[in-house]
Protein chains: 2
Amino acid sequence: MKKKISINDIAQQLGVSITTVSFILNGRAQEKRISEKLVKKVLDFVQEVNYKPSSLARSLRTGKTNIIGLMVEDISDPFFSAIARAIEAIAYQSGYKIIYCSTENATEKTRELIAMYNERHVDGYIIVPPEGVEQDIKLLLDTGKPVVLIDRYLPAIDTDFVVVDNEKSAYDATCHLIANGYKNIAFVTIDSLQPQMLDRLSGYEKAMQANGLPQLVKEIAYKSSEQAMQHIAAFIDRKKEVDAIFFATNYLCVSGLKATAGKGINIPQSIGVVSFDDYELFELYSPSITTVSQPTDKIAEHAINLLISRLKKAVSDKKFQKIILPTSLIVRKSSVR
Amino acid sequence: MKKKISINDIAQQLGVSITTVSFILNGRAQEKRISEKLVKKVLDFVQEVNYKPSSLARSLRTGKTNIIGLMVEDISDPFFSAIARAIEAIAYQSGYKIIYCSTENATEKTRELIAMYNERHVDGYIIVPPEGVEQDIKLLLDTGKPVVLIDRYLPAIDTDFVVVDNEKSAYDATCHLIANGYKNIAFVTIDSLQPQMLDRLSGYEKAMQANGLPQLVKEIAYKSSEQAMQHIAAFIDRKKEVDAIFFATNYLCVSGLKATAGKGINIPQSIGVVSFDDYELFELYSPSITTVSQPTDKIAEHAINLLISRLKKAVSDKKFQKIILPTSLIVRKSSVR
DNA sequence: TTGAAAGCGCTACCAC
DNA sequence: GTGGTAGCGCTTTCAA
């Protein structure tokens, strides 16, 4: 079992000072006018013994870890995992590492995770915030840690965020259903007060109102996929007049599909279907499902670039950016008759 | 912008020594016979100012980070994300944090990631190893870092691992197809020499051989989902005699499904389908797809418990555990006619 | 019972 | 151009 080698060992072996080695390692040799052959000698030796500076010690000293904390709702949700991978890729190129976790949209768990990340001294955060974490995020901001919110924002918190135009997206999707002759369009959502959900609801409501159609909103208190399925099944049974359903999230739609699967309900003939968030399953399902597709790559790109630019400049310019991206409606078979 | 508080501040404010505070914080008050009221005073104050010890400094001093590095092939693959979440949950309960990343099964990327994790001083590793990282893992082991391999093992490396019985699983799944009257069963896999793939192939071969049936293996040089789809489509076009396909991984099956989707091929009548790894999509697809389901929770549980037990005992007992778990065949509509 | 101080590995200020 | 050294925040040995 080998011992870990330190900068001290390097200096000792080479008969130079620690300082010199440190400068060379940090690319400040030129600036410090250290002789080329000394530089080469040190670099070669470092290479030879495969020395890696301890990032722990370095971070303790500099106060920076080059680690970004990414907190999404559920890393196994394809929407979030797509964003996570894109963020990771860009961050790596800039020398930042990402550590990520799932909040499960649970306030308590998220608060603990923020505390843990804080303890680990991550340099900055990208967060998909559940309700009730305003204070914790404010604390982060107060201690000078930049925070970029994605997917949704917190009205009470003034910071950068990247979201999509939920209201317009929902409005357009609803209009698409209406244009295809559906009249009794139900909106199935979760019982959440989060702005992105409220915006989607509002888009649906405005579209229905604009067309003089009756609104029918079903709020699911989401506990599990199984339970959601049962509630949606019961809803469909009860509301015979419904001829189309607009699901506010991909997992609600999946539950809805499971609910209809056994019943011999014909999509899109008897019921039209549109879902928020795209998903491989929706493309392959029979019939394929029309979706509101969010630009995951763009969201990731904006979020990480925003964060990195904050990290780069010590000066925290108080002008926060609120980025709102458009979505695209992918029309498939489930909504056209 | 508040300043971060340190153990020094605590000691100062309370007029006691740093040592005392440290002992109390680390639960060694009793052992050190520190008076109860001092303990309470310190704890209360710590609570009040919301002091969190710097894990950086602590780790630098103790040499432990309580962080476990988890490297899977692709965090957005449902099979791996299920394992990741389960591991994360158990680890948290034992005070360990998980940091994870995707290797994309790329040797170079994985080697870099291992180096990065090593720099970050993670205490131990759970790795889904691609080919060609034997030396890097050996190095880890040599420096005393425990490594648990999952999903597959490296024949050249002697360490703990948790895998499933791939050969028997493939054998049974193939027999299931045979029992349902399929005779020209193709095995679609990736061109990999990794043991888990070889074992699956071997299971298929033995089953076909035992039943006197002709073997037909299609190896895909997997580059992308799109390219795989085209190759599989071409394969199906060319081999008209094939009446069933056994896909060696879930993503191959998804590509296969996309390939057949346009062609009006009737599953399970004209072609039977079975896939390795379960997936929500396979349950909801029409027809639903028969799968070899791996016990993700059990894999996660064994892996993390194995690793934690290694971490706990400084003595590294040389007896490595090789755990082989059974899978279950979930029979759905795609393979029964 | 409590405290002083060494030292984990590194960066960066200041001296020469 | 190069080196000495303080100190980041903590744990732990030894002393009192």
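Here is how names work: the chains are called A, B, and so on, in the same order as the sequence lines, proteins then strands, and each is numbered from 1. Keep in mind the model is a prediction, meaning the values are calculated, not measured.
- Comparing B:Val16 and B:Ala57 by the nucleotide of DNA chain C whose heavy atom lies nearest to each, the residue mapping closer to the 5' end is B:Val16.
- Across all strands, B:Ser35 comes closer than 4.0 Å only to sugar-phosphate atoms, never to a base (heavy-atom distances).
- Spacing between atom CD of A:Glu36 and atom P of D:dT2 amounts to 12 Å, rounded to whole angstrom units.
- Judged as a side-chain contact (heavy atoms from CB on, under 4.5 Å), and not counting sequence neighbours, the contacts of B:Lys64 are B:Thr62, B:Asp123.
- Whole-Å rounding puts the B:Asn26 CG to D:dT12 P distance at 7 Å.
- A side-chain donor from one of A:Ser76 and A:Asp74 sits under 3.5 Å from a side-chain acceptor of the other.
- Note: CD (A:Glu31) to P (D:dT2) measures 14 Å, nearest angstrom.
- Residue A:Thr62 is in sugar-phosphate contact alone, with no base atom involved, counting any heavy-atom pair closer than 4.0 Å across all strands shown.
- Each of D:dG1, D:dC10, D:dT2 was ranked by its minimum atom distance to the side chain of B:Ser6; first place goes to D:dC10.
- Residue contacts for B:Ser22: at a heavy-atom cut-off of 4.0 Å it reaches a base atom on one of the strands shown.
- Among the atoms of the strands shown, base atoms are found under 4.0 Å from some heavy atom of B:Leu60.
- Residue A:Lys64 contributes atom NZ, which lies 14 Å from atom C1' of D:dC8 at whole-angstrom precision.
- B:Thr19 comes within 4.0 angstrom of a base, heavy atoms only.
- In this structure, the nucleotide among D:dT12, C:dC10, D:dT5 sitting nearest to the side chain of B:Arg28 is D:dT12.
- Between the P atom of D:dT11 and the CD1 atom of B:Ile10 lies a distance of 12 Å, rounded to the nearest Å.
- Under the side chain to side chain contact (heavy atoms under 4.5 Å, CB included) test applied with A:Val46, the options A:Leu14, A:Ile10, A:Ile24, A:Ile5 reduce to a single match, A:Ile10.
- Between C:dT2, C:dT11, D:dG1, one nucleotide has an atom nearer to the side chain of A:Ile34 than all others, and that is D:dG1.
- Map A:Ser17 and B:Asn8 each onto its nearest nucleotide of DNA chain D; the residue landing nearer the 5' end is A:Ser17.
- Ring orientation note: the planes of B:Tyr100 and A:Tyr100 are nearly perpendicular, at an angle over 60° on the 30°/60° scale.
- Distance, A:Arg120 CZ to D:dC10 P: 13 Å, rounded to whole Å.
- You'll find that the side chain of A:Phe23 is closest to C:dA12, out of C:dA12, C:dT2, C:dC10.
- Here the options are B:Thr159, B:Asp158, B:Asp160, the test is side chain to side chain contact (heavy atoms under 4.5 Å, CB included), and the partner is B:Lys322; only B:Asp158 passes.
- Residue A:Arg61 is classed as a base contact, given a heavy-atom separation below 4.0 Å to a base.
- Rounded to whole angstrom, the span from the CD1 atom of A:Ile7 across to the C1' atom of C:dC10 amounts to 6 Å.
- Taking side-chain N and O atoms only, B:Tyr51 has no distance below 4.0 Å to OP1 or OP2 of D:dG9.
- Computed from coordinates, the A:Leu25 CG to C:dA12 C1' distance equals 15 Å when rounded to whole Å.
- In the set C:dC13, C:dC10, C:dT11, C:dT11 carries the atom at the smallest distance from any side-chain atom of A:Ile18.
- The 12-atom threshold is not exceeded at NZ of B:Lys40, counting heavy atoms of other residues, nucleotides or ligands nearer than 6.0 Å.
- Looking at heavy-atom distances under 4.0 Å, A:Leu56 makes no contact with the nucleic acid at all.
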